[in-house]
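Below is one structure; the comments refer to it alone.
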Amino acid sequence: MPELPEVQTIVDDLKNKIRVARIIDIKILTKSIWRYKYPRKRSMIGAKVSDVIRRGKYILIYLSTNNVLVIHLGMTGKLIFVKVGSKPDKHTHVVFKFPDSDLHYNDVRRFGFMDLVSVDALKGIAFLNKLGPDPFEIEMGEFISIIKSKNRMIKPLLMNQDIISGLGNIYSDEILFKARIHPRSISSRIRKKKLAKLYDSAREILERAIEARGSSISDFVDGSGVRGEYQNSHLVYGRGGQSCKRCGAKIKREIIGSRSAHFCPRCQR
DNA sequence: GACAACCTGACC
DNA sequence: GGTCAGGTTGTC
């Protein structure tokens, strides 16, 4: 489900609702969502949430006990605030109890996961260390040289979290359309001018998507259970067979890098 | 780079 | 019954 704008939306909601709040209790309903190792609850119970940040598509919840809860939402993960004592549904895997509300971690497909690590250990976590910068964390020149230095199809390259983090299937399609780059273009051969446009497009689209509180295709909702609006602004994603809003040509849907890619064969070359 | 694997649900 | 889905990881 979630790419950078959706994860940022959740992070903003978490920050507003639980920063400075204390975790009263935790109910773990599904053990297997803890990927690295099963956590000690006493490392979390009684702790205050000191900060919530996003790294790529990861959510990092810092606790006053010097531990960090690292969460990846996978495809269908959700963090939703509900009334104290609300009954978990069949896909609720963890319940965090706060004074004013409970926070349910739900995930239908269970591709998401959590880890609890100490602040010290965080620096040694491989899957965080290998994350590339997101488009807001780098300058245009750096972005261009990263892309130019690889010899790969641009869409799978943009989706590779080790190179640039935060982009997934929706936003890579939307960004490439805006920059008028064909998703199969080989990164090293794309002109600098086009890559400059790609950089601007990435930041612009992500910013607008965050303002719209994400894209809800089927599952995504924010911390209050409300859907995002950016799906209404998609120009290519999910529009295969329909006409391009820019030139009228038929939008194509093709498998590229084992994922469905949506693009306009006339606008994107 | 292509694929399968990990899962459940929606849709045809 | 089959296909598809906002992701990641590991194998050829």
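Keep in mind that the numbers below use all heavy atoms, side chains included, and drop hydrogens, waters and symmetry copies. Each chain gets a letter, A, B and so on, in the order the sequences are listed, and its residues count up from 1.
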Item to check | Side-chain hydrophobic cluster, 4.5 Å single linkage: members besides A:Leu235 | outcome: A:Phe177, A:Val236, A:Ile251
Next on the checklist: Between the side chains of A:Lys27 and A:Asp102, is the shortest nitrogen-to-carboxylate-oxygen separation below 4.0 Å, so that they form an ion pair?
Outcome noted: no
Next on the checklist: Let me check I have this right: for DNA chain C, each base becomes ., (, ), [, ] or |, based on Watson-Crick or G-U pairs with both distances under 3.5 Å. What is the full string?
Outcome noted: |||||.||||||
I'd like a table of atom pairs between the protein and nucleotides 8-12 of chain C - only N or O on both sides, under 3.5 Å - with the distance next to each one.
from	atom 1	to	atom 2	distance (Å)
C:dT8	OP1	A:His72	NE2	2.9
C:dT8	OP2	A:Lys57	NZ	3.2

Expected rows: protein N/O vs nucleotides 2-4 of chain C N/O, under 3.5 Å:
none

Item to check | Pairwise P distance, B:dC7 and C:dG10 [rounded to whole Å] | outcome: 15 Å
Checklist entry - With rounding to whole Å, what would you report as the distance between C:dG1 and B:dC6 at their C1' atoms? => result 22 Å
Checklist entry - Quick one: side-chain hydrogen bond (donor to acceptor under 3.5 Å, both in side chains) partners of A:Asp89, sequence neighbours excluded? => result A:Thr92
Item to check | Modelled atom types, side-chain donor and acceptor of A:Tyr171 and A:Ser215, under 3.5 Å | outcome: yes
Item to check | Whole-angstrom distance between C:dT3 and B:dC3, as gauged at atom P | outcome: 14 Å
Next on the checklist: By the 4.0 Å heavy-atom rule, please label A:Gly214 as base, sugar-phosphate, or nothing.
Outcome noted: nothing
Checklist entry - Which parts of nucleotides 6-12 of chain B does protein reach within less than 4.0 Å, heavy atoms only, written one letter per nucleotide 5' to 3' as B for base, S for sugar-phosphate only and - for none? => result BBBS---
Next on the checklist: Once you apply a heavy-atom cut-off of 4.0 Å, does A:Tyr171 come out as touching a base, just sugar-phosphate, or nothing?
Outcome noted: nothing
Next on the checklist: Quick check on A:Lys252: does its NZ atom have over 12 non-hydrogen neighbours (other residues, nucleotides or ligands) under 6.0 Å away?
Outcome noted: no
